[in-house]
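Structure record follows, encoded as structure tokens.
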Number of protein chains: 2
Amino acid sequence: MIEAPRLLYLDDLRIGQQFVSRSHVIDEEQIVKFAREFDPQPFHVDPDAAKRTLFGGLVASGWHTAALTMRLLVEGGVPIAGGMVGAGGEIRWPNPTRPGDTLRVHSEIVEVVPSRSRPDRGIVTIRIETRNQHADVVQLFVGKLVVPRRPEDSKGS
Amino acid sequence: MIEAPRLLYLDDLRIGQQFVSRSHVIDEEQIVKFAREFDPQPFHVDPDAAKRTLFGGLVASGWHTAALTMRLLVEGGVPIAGGMVGAGGEIRWPNPTRPGDTLRVHSEIVEVVPSRSRPDRGIVTIRIETRNQHADVVQLFVGKLVVPRRPEDSKGS
């Protein structure tokens with residue numbers, strides 16, 4: 001059993017703070033199902049045809065890796081109060097995600113900036129690495145999150 | 001009936017070239033189904049709870065908008081030879097995607113750079129805007145694609 005993590009407000013976040021999500025095993029069935037709906041290209045939906053592409057075998061859509069990363073983040077990977085509300089960021093897929101990979105998300109706070117115009121919130125820059133069982137980075141996302149300040153009436157509690 | 005578009009090689013792409021995808025209508029059922037699997041936050045899965053969030057109602061996960069954008073691109077939105085193989089890019093969601101929205105993807109070639117080390121390919125920078133029926137941009141993705149050169153034996157054909 002994993003204890004539900006305490007939700008973090010802007011006031012709780014520090015540069016260099018790190019988080020690790022639970023893991024998720026991705027298989028061929030998940031890869032093909034996602035890709036049939038959203039990214040129906042041979043290297044994502046057809047294991048045989050995929051062998052003859054530059055990937056040399058079936059790989060997950062980058063957007064599938066992104067969606068799974070989000071699920072791992074939302075399920076306690078980074079326990080931000082108010083949820084993971086992203087304004088955008090930079091995404092890269094340095095290595096493909098393949099069937100049988102075990103994915104885990106490692107995150108680090110890069111910047112914490114209270115809003116000047118909105119005293120109840122701030123913007124946090126976070127570096128989110130999705131790694132497989134070999135510690136290869138399959139996705140790097142550096143993004144900005146909108147994070148609420150701790151409400152006055154809950155300070156010190 | 002729509003004619004199958006001719007597949008474009010690096011040699012066919014020019015800065016400023018534009019493409020428009022077919023449209024897709026997103027509804028509440030699609031939004032909730034995707035979010036239950038990948039982004040189970042109240043503003044994506046619970047229409048009532050969503051009213052009390054900063055979005056004021058149900059909105060699609062940004063990763064759902066990204067995945068749908070990919071489908072529209074793959075289905076002829078940008079007919080690149082060899083498929084849409086992305087190395088990454090910058091993504092933003094300037095406006096939320098809401099139930100009932102009609103999405104369409106407008107793309108423009110920003111840069112075309114033949115590879116120095118790999119004479120059979122090049123890197124294309126593309127600006128991909130996903131717009132709703134009001135012409136609001138719900139997603140902006142500026143990314144790099146790996147695009148093959150036209151094979152020697154098919155030149156001039």
Side-chain angles (χ1 to χ4, degrees), chain A residues 24 30 33-46 49-50 52-55 59-76 80 82-96 118 120-121 137-146 148, chain B residues 24 30 33-46 49-50 52-55 59-76 80 82-96 118 120-121 137-146 148:
Chain A
H24 175 83
Q30 294 166 46
K33 178 169 172 271
F34 183 97
R36 278 203 185 129
E37 187 165 359
F38 295 114
D39 195 350
Q41 302 194 79
F43 34 80
H44 299 319
V45 296
D46 183 338
R52 299 184 296 274
T53 66
L54 75 169
F55 295 110
V59 298
S61 169
W63 303 109
H64 191 185
T65 302
L68 282 172
T69 297
M70 191 65 191
R71 184 165 103 198
L72 291 170
L73 290 170
V74 168
E75 288 179 354
I80 301 276
M84 294 289 286
V85 179
E90 189 150 350
I91 195 165
R92 283 201 296 129
W93 299 283
N95 292 286
R118 306 288 296 263
D120 62 340
R121 65 187 69 174
V137 177
V138 294
Q139 181 179 287
L140 171 62
F141 182 68
V142 180
K144 289 183 189 301
L145 302 175
V146 181
Chain B
H24 174 83
Q30 294 167 47
K33 178 169 173 271
F34 183 97
R36 279 204 183 127
E37 186 165 359
F38 295 114
D39 195 349
Q41 303 194 78
F43 34 80
H44 299 319
V45 296
D46 184 336
R52 298 184 296 274
T53 66
L54 75 168
F55 296 109
V59 298
S61 168
W63 303 109
H64 191 185
T65 301
L68 281 173
T69 298
M70 191 64 191
R71 183 165 104 199
L72 292 170
L73 291 170
V74 168
E75 290 180 352
I80 302 275
M84 294 290 284
V85 179
E90 188 150 350
I91 194 164
R92 283 201 294 129
W93 298 284
N95 293 286
R118 306 288 297 264
D120 62 340
R121 66 187 68 174
V137 176
V138 294
Q139 181 179 289
L140 172 62
F141 182 68
V142 180
K144 289 182 190 301
L145 302 175
V146 181

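All values below were derived from every heavy atom in this structure, side-chain atoms included, with hydrogens, water molecules and symmetry-related copies excluded. All figures in this text were calculated on a predicted structure; none of them were measured in a lab.
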- Message: Counting only non-hydrogen atoms closer than 4.5 Å, does A/Ala87 touch chain B with its backbone (N, CA, C, O), its side chain (CB onward), both, or neither?
- Response: backbone
- Max heavy-atom pair count under 4.5 Å with chain A, selected residue of B/Val146, B/Val74, B/Val142, B/Ile91: B/Ile91
- Pairs of heavy atoms under 4.5 Å with chain B: top-ranked of A/Met70, A/Arg92, A/Glu90: A/Met70
- Message: Could you report the tightest heavy-atom contact between B/Trp93 and A/Gly86, atom names first, then the distance?
- Response: CE3-O, 3.9 Å
Per-pair distances, 0.1 Å, donor-acceptor, side chain in residues 36-44 of chain A, under 3.5 Å, sequence neighbours excluded:
| residue | atom | partner | partner atom | Å |
| --- | --- | --- | --- | --- |
| A/Asp39 | OD1 | A/Gln41 | NE2 | 2.9 |
| A/Asp39 | OD2 | A/His44 | NE2 | 3.4 |
| A/Asp39 | OD2 | A/Ser61 | OG | 2.8 |
| A/Gln41 | OE1 | B/Met84 | N | 2.7 |
| A/Gln41 | NE2 | B/Met84 | O | 3.1 |
| A/His44 | ND1 | A/Val59 | O | 2.8 |
| A/His44 | ND1 | A/Ser61 | N | 3.4 |

- Query: Considering residues at least two apart in sequence or located in another chain, which fulfil the side chain to side chain donor-acceptor pair (under 3.5 Å) criterion with B/Trp63?
  - Reply: none
